[in-house]
Structure formats: structure tokens, C-alpha cells
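Worksheet: the structure to be examined is printed underneath.
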Amino acid sequence: MSELAAYAAHDEASRGRRFPEPEPAHRSEFQRDRDRIVHSTAFRRLVYKTQVFVNHEGDLYRTRLTHSLEVAQIARASARALKLNEALSEAICLAHDLGHTPFGHAGQDALNECMREFGGFEHNLQSLRVVDVLEEHYADFDGLNLTFECREGILKHCSHANALALGEIGERFLKKHQPGLEAQLANFADEIAYNNHDVDDGLRAGLVTVDQLLEVPLFAEHHAEVKARHPDLGGRRLVHEIIRRMIGRLVTDLIDASRARLTAAGVRSIDEVRMHAGPLIGFSDPVRELNRQLKNFLREHVYRHYKVRRMTAKARRVVSALFEAFLADPGLMPEEHQATAERLQAAQGTAGRARAVADYIAGMTDRYAIIEHRRLFDPSERT
Ligand code: MG
């Protein structure tokens, strides 16, 4: 651990766990966080949750699990280069999407709409709820009892109202403080991973072509580079050679620009990082622009493609229908979720019941949500 920079998250400086525990014997505190995340139930569900393409559309598309692994890989490499805490950045990345609903953003938007009168639904906050409350693994506490630094990284953003209700972990949103560098890094690793794998998946699905992508300067630049070296290369190898260069370009810039900013700021501890006027991890200006152009292209040509929109519309209908049915009659849910609904209703009224329903739906995988929908609405289906 001695090779960590002064501004990294150090075990000794951790703000600790909500329920005190003995120090781990052969691991760091943040390695223990990571291990608990990998052993969690929510982590295993990520394999059957959509990133952009619904899980059953094809075996080669990213799921939330493979996405999370790619994010963690990018963050670990960058953390090591910047002498940040690699185990913490890995833990944050592996946990960052644990609260995601089935069917990607479509599912999250639908659930947020259903929950509008009851405090809303935010997937970041739900990821924190999974690791703080919903995981049932340990005798002494609910959740995984992760370190403050890991929880701070998982809660990427949240509304003002939720920040007020969250106490210590919500404080930084009210005080406009920054999270630790490992958390800042996780955000960028997330973005680098999904922008690039969505190019790959978009091409694979036939939603976009290499020719169309040439209008994206970052893509065109590396396409030209690959073609100059390998004039006859085409197909999957061409795409992969371009994408790996794009990832390399973004990661290298992220490391170099962040290092320069850290040096200029002169921060000497995680607390100085937190108090700094703005984030210290980030791209250089030219690469931020290249990245923005890539995002715009994806929004226009992949996320708004009619095939993706059809899937999105279907997903919204499934999630909304499940929510309405379960909220109207929690007795339709499996017994343990009924019990939770009763408990939360007794404490918080209808909002509590709605929260229990949202937790149940958010925990579903794509295929489980589809099966539940069929069981509830298709009379010929076994219940
Ligand atoms: Mg993500």
C-alpha cells in the first residue's frame, strides 16, 4: 500500500463502516468491500440485466455484468497509473450498477414515473440501497456494510430531497463537495466503457455502419490509422482494432490530464480532494470534445434507433404493468415481498408499500420480469 499517492483513499484514513467490524486479516478494507460485492446476490443478477440490448436478443451483447467488468478493468488500470487505490476503484465499479432495473434505462425511467408520488426511483440511489439495506447475507446487519468511501462512490448523484434524507453519505451533495478520486475515476471509466462497447454492440446489431461512424472524429481518426497500417483489414478485426485504440486514447488522456490537474491543485489528502472546488479527474479539453461527439452520435443513431425504441417501449409497458398490479394488490407478490410491503406500509403508508414493490421490480432480471408479466397477464400461463 505504500505506493499509494497521498491523495488516494488509504485504509487508515477511511471513514469506516456503519457497523464496526474487526480489521480484515489478509486483505485491505477496500478489498473486503470488493469481495462482498462479488459475493452478493445483486451482482449475480447483473448477468441477466440489459445494458442497451435486451438480454435475449443475442449472446454477444454487453449485459450489466460484462459492462461492470469492463468498467472495473478500465478503472483499475487508470487507478494504478495514478497511484490511487485500485481495490476501492474496482469495488465501486463492480457495484455501480447493482441498483439497475431490468431493461436498462427504459426500466429505470418507467419505475421512476411509477414512483413519482412516492419519492421517485433513482438507480444510483438504488445501488446504495442494495448494498446498505437489501442484501441479506450477514447475521449482524442488513446490506453489505461497505466502507464510507465505497458507498460515497456508488452514490454518483442524487436529488436534493434524497441527499437531505441520507445523512452523512448525502452531505457532499448539499455542501457541493467532491467524492474521493477513486469515485471520480469510476464515473469516467463507466463512460469510456459504455461509449465504446455501444459502438461495438451497435455495429453488431446492424443499427449503425462503419461508414456512418466515420462522421465521428474519434472513430475516423483511428479508422484512418488502422487502415494506413492494414489496408485490407475489414469486418470484426477492423472494428476491434479501432475500438481498442479509441479506448486507449481516452484512458491515456484521462490519466495524463488528471495527473496534471492533481499536480497543479497540490492536493495532499482525500479530504483536500473532497474540499477541492471541482473534480480533479477528467479529460483534457480536446478529448472531452471528441468524447462528446461520440456520445452525441450514439444518442442519435443507437439509443434513438427505432429498434431500440420498440424494445424500450415494450420494457416500459412491462415495468408499469407489474408496478400497478403489485401496488394495487401486494398479495400478488411472492410471500417475502408481501411481508416487506406490509412492514414498510406500517411504517410509511402507501409510499412504503410502493417502495417494497419498486425494490421487488428493480431486483428482477430482464427474463424474470418478462416471465412475471406473463404469469400475471396471460391467463393460459401457469402462475
Ligand atoms: Mg454503468
Is it the case that the side chains of [Y] and [X] hold a donor-acceptor pair, with the cut-off being a distance below 3.5 Å and no angle test?
X: Asp359; Y: Gln126; answer: yes
X: His276; Y: Gln178; answer: no
X: Glu29; Y: Thr147; answer: no
X: Glu122; Y: Asn112; answer: no
X: Tyr360; Y: Glu372; answer: yes
X: His96; Y: Asp190; answer: yes
X: Asp378; Y: Ser380; answer: yes
X: Ser127; Y: Asn124; answer: no

Between [X] and [Y], is there a shared hydrophobic cluster once you connect ILVMFWY residues whose side-chain heavy atoms come closer than 4.5 Å?
X: Leu164; Y: Phe118; answer: no
X: Ile370; Y: Tyr368; answer: yes
X: Val133; Y: Ile154; answer: yes
X: Leu344; Y: Ile361; answer: no
X: Ile169; Y: Met275; answer: no

Going by heavy atoms in the side chains, are [X] and [Y] under 4.5 Å from each other?
X: Tyr61; Y: Arg204; answer: yes
X: Arg353; Y: Pro330; answer: yes
X: Phe283; Y: Leu290; answer: no
X: Leu181; Y: Leu262; answer: yes

Indicate the atoms forming the closest heavy-atom contact of [X] with [Y], along with that distance.
X: Ala356; Y: Ala341; answer: CB-CA, 3.5 Å
X: Arg261; Y: Ile281; answer: NH1-C, 3.6 Å
X: Ser78; Y: Val251; answer: OG-CG1, 3.7 Å
X: Leu46; Y: Leu94; answer: CD1-O, 4.2 Å
X: Lys49; Y: Thr365; answer: CG-CA, 4.1 Å
X: Ala81; Y: Ile255; answer: CB-CD1, 3.7 Å

| request: Evaluate the criterion side-chain contact (heavy atoms from CB on, under 4.5 Å) for residue pair Arg34 and His39; output intermediate values, then yes/no. | output: CA-CA 9 Å; Arg34 179 205 52 208; His39 288 285; over 6 Å; no

Under 6.0 Å between the ring centres of Tyr138 and Phe19?
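No, they do not, as the ring centres are separated by 6.0 Å or more.
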
Would a line drawn from the ring center of His197 to the ring center of His67 be shorter than 6.0 Å?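 For His197 and His67, the ring centres are under 6.0 Å apart.
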
Is it true that [X] and [Y] make a salt bridge, defined as a side-chain N closer than 4.0 Å to a carboxylate O?
X: Arg36; Y: Asp33; answer: no
X: Glu241; Y: Arg229; answer: no
X: Arg245; Y: Glu225; answer: yes

How about [atom1] on [X], more than 12 heavy atoms from neighbouring residues, nucleotides or ligands closer than 6.0 Å, or not?
X: Arg375; atom1: CZ; answer: yes
X: His230; atom1: NE2; answer: yes
X: Arg80; atom1: CZ; answer: no
X: Arg236; atom1: CZ; answer: yes

Within the distance-only criterion (no hydrogens, no angle test), does the side chain of [X] pair as donor or acceptor with the backbone N or O of [Y] below 3.5 angstrom?
X: Lys227; Y: Leu233; answer: yes
X: Gln293; Y: Pro217; answer: no
X: Asn145; Y: Arg18; answer: yes
X: His177; Y: Phe173; answer: no
X: Ser258; Y: Gly282; answer: yes
X: Gln31; Y: Ser28; answer: yes
X: Glu149; Y: Arg15; answer: yes
X: Ser89; Y: Glu86; answer: yes
X: Thr252; Y: Arg249; answer: no
X: Thr101; Y: Gln108; answer: yes

To the nearest 0.5 Å, what is the distance between [atom1] on [X] and [atom2] on [Y]?
X: Ile74; Y: Phe188; atom1: CD1; atom2: CZ; answer: 13.0 Å
X: Leu155; Y: Ile92; atom1: CG; atom2: CD1; answer: 11.5 Å
X: Phe219; Y: Gln212; atom1: CZ; atom2: CD; answer: 10.5 Å
X: Arg64; Y: Asp97; atom1: CZ; atom2: CG; answer: 4.5 Å
X: Glu113; Y: Phe323; atom1: CD; atom2: CZ; answer: 11.5 Å
X: Leu280; Y: Glu272; atom1: CG; atom2: CD; answer: 10.5 Å

Item to complete: Run the numbers on Asp11 and Ser14 for side-chain hydrogen bond (donor to acceptor under 3.5 Å, both in side chains), then give the verdict.
Response: CA-CA 5 Å; Asp11 268 41; Ser14 171; over 6 Å; no

Checklist line | cation_pi(Arg292, Phe297) dist<6.0 Å, angle<=45 | finding: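 Geometry flag: not set, cation outside 6.0 Å or 45°.
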
Could you go step by step and tell me if Thr41 and His137 meet the side-chain hydrogen bond (donor to acceptor under 3.5 Å, both in side chains) rule?
-> CA-CA 9 Å; Thr41 307; His137 272 244; 3.2 Å; yes

- Query: Phe377 vs His373 aromatic rings, parallel, tilted or perpendicular, using cut-offs 30° and 60°?
  - Reply: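 Aromatic pair Phe377/His373 classed tilted.
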
Verdict with reasoning, Arg62 to Glu70, per salt bridge (charged side-chain N to carboxylate O under 4.0 Å, His left out): CA-CA 10 Å; Arg62 269 68 176 186; Glu70 289 182 29; 2.9 Å; yes

Practice item. Would you mind telling me which of Met333, His337, Gln338 makes a side chain to side chain contact (heavy atoms under 4.5 Å, CB included) with Glu335? Key: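 In the set Met333, His337, Gln338, the residue that makes a side chain to side chain contact (heavy atoms under 4.5 Å, CB included) with Glu335 is Gln338.
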
Quick one: list whatever passes salt bridge (Lys or Arg N to Asp or Glu O under 4.0 Å) with Arg288, sequence neighbours left out.
->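 Listed in chain order: Asp285.
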
Problem set entry | side-chain contact (heavy atoms from CB on, under 4.5 Å) between Val199 and Ile243, intermediate numbers included | CA-CA 8 Å; Val199 169; Ile243 291 177; 4.0 Å; yes

